[in-house]
Amino acid sequence: MKHVKYIPSRGKSSGLMLMCAASAVGVAIGSIPDVALAGEVTPWVHQFFSPSLCGDTVFSIFVHTLLSSLIFLSAAFLSGTFVFGQPVGMALLIYRGIGIGVSVSSVYSAGGIKSLPVVAVLILPFALADLFIAAVAIREVVRSSNGLLRFMLYGEKRSSERSGFRLYCIKFTVLAFISFIISLAVPLMSYFCRGML
């Protein structure tokens, strides 16, 4: 049991590939017509990735976009404080991908081929930036959970545990700030490109 790990913390490329695969699975699930149809009326499913699902005002788009990101980051943060946070983190990535798939599918089903500019300008940039933030967050979740698991199994002393948790909090604070900036950009872009919606 010396090598028990759910996701390799040292194999950066394999860990990144797992995260990309989890996100892609989520997008594929969200793109299934039945899932997309049911998900576009449920905020917990579409997660406000499409400005057209956020409301009619710039403020409404900002609030819904930011709230969606902060809820995800809060769930990721909490999962990293548990020993078995790795599978929860991967499930959160799949969940985030489902929101993207549902949002893109709902816009495409409403406008057909004419909706491609909306997807390319108003959804994909935000979605890709959000997935990057999500991947970084889950990477930290995996590292934290692996450290807790090693401590439980082998009693390894974690160097400067308080500073380690402080650094964990700082990283998530930075991710939340970046999410705030992105959430400001989304409604501004929607405002200037409102003719597409």
Which atom pairs, one a donor and one an acceptor, fall under 3.5 Å between side chains of residues 25-42 and the rest of the protein, sequence neighbours left out?
residue, atom, partner, partner atom, Å
S31, OG, V27, O, 2.8
T42, OG1, A38, O, 3.3

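Residues V102 and L67 do not share a hydrophobic cluster, clusters being chains of Ile/Leu/Val/Met/Phe/Trp/Tyr side chains in contact below 4.5 Å. A continuous path of hydrophobic side-chain contacts links V142 to I133 [ILVMFWY only; heavy atoms under 4.5 Å]. Both V107 and V121 belong to a common hydrophobic cluster when Ile, Leu, Val, Met, Phe, Trp and Tyr are linked at side-chain heavy-atom distances under 4.5 angstrom. In the hydrophobic clustering of ILVMFWY residues, with side-chain heavy atoms under 4.5 Å counting as a link, L78 and V136 come out together. Hydrophobic clustering of Ile, Leu, Val, Met, Phe, Trp and Tyr side chains at less than 4.5 Å, counting indirect connections, unites V174 with L131.
Of all non-hydrogen atoms in I182 and A129, the two that sit nearest each other are CD1-CB, 3.6 Å. Heavy atoms only, all atoms of each residue included: I94 and A22 are closest at CG1-O, 3.3 Å. Between M189 and L122, the closest heavy-atom pair is CG-CD2, 3.5 Å. Between L53 and S103, the shortest heavy-atom distance links the atoms CD1-OG, 4.2 Å. Shown here for P51 and V186, the closest heavy-atom pair between the two residues is CG-CG1, 4.3 Å. Contact between S190 and I61 at its shortest, heavy atoms only, is CB-CD1, 4.0 Å.
Checking side-chain atoms of Q47 against main-chain N and O of Y95 turns up a donor-acceptor pair under 3.5 Å. Judged purely by atom type and a 3.5 angstrom limit, S68 has no side-chain atom pairing as donor or acceptor with the backbone of T65. Not one N or O on the side chain of S144 forms a donor-acceptor pair closer than 3.5 Å with the backbone of V141. Although no hydrogens or angles enter the test, the distance criterion places no donor-acceptor pair under 3.5 Å between the side chain of E140 and the main chain of I138.
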| task | Let me see the working for F72 and L175 under side-chain contact (heavy atoms from CB on, under 4.5 Å), right down to the final yes or no. | result | CA-CA 11 Å; F72 173 85; L175 291 176; over 6 Å; no
| Derivation and outcome, side-chain contact (heavy atoms from CB on, under 4.5 Å), residues R96 and S69 | CA-CA 10 Å; R96 208 65 175 145; S69 296; 3.6 Å; yes
| task | Would you please test T173 and F177 for side-chain contact (heavy atoms from CB on, under 4.5 Å) and show each step? | result | CA-CA 6 Å; T173 302; F177 178 74; 5.8 Å; no
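Ring geometry for F62 versus F59: interplanar angle of 30 to 60°, hence tilted. Between F126 and F49, the ring planes lie tilted relative to each other; the angle falls in the 30° to 60° range.
One distance of note links CZ of F77 with OG1 of T81; it measures 7.0 Å at 0.5 Å rounding. Atom NZ of K171 sits about 14.5 Å away from atom CG of L73, to the nearest 0.5 Å. The line from OG of S105 to CD1 of I100 is 11.5 Å long, rounded to the nearest 0.5 Å. Here the CG-CD1 distance, from L93 to I98, works out to 11.5 Å after rounding to the nearest 0.5 Å. Atoms OG and CG, on S179 and L184 in that order, are 11.0 Å from each other to the nearest 0.5 Å.
Using a 4.5 Å cut-off on side-chain heavy atoms (C-beta onward), W44 and I71 make contact. R166 places none of its side-chain heavy atoms less than 4.5 Å from the side chain of Y168.
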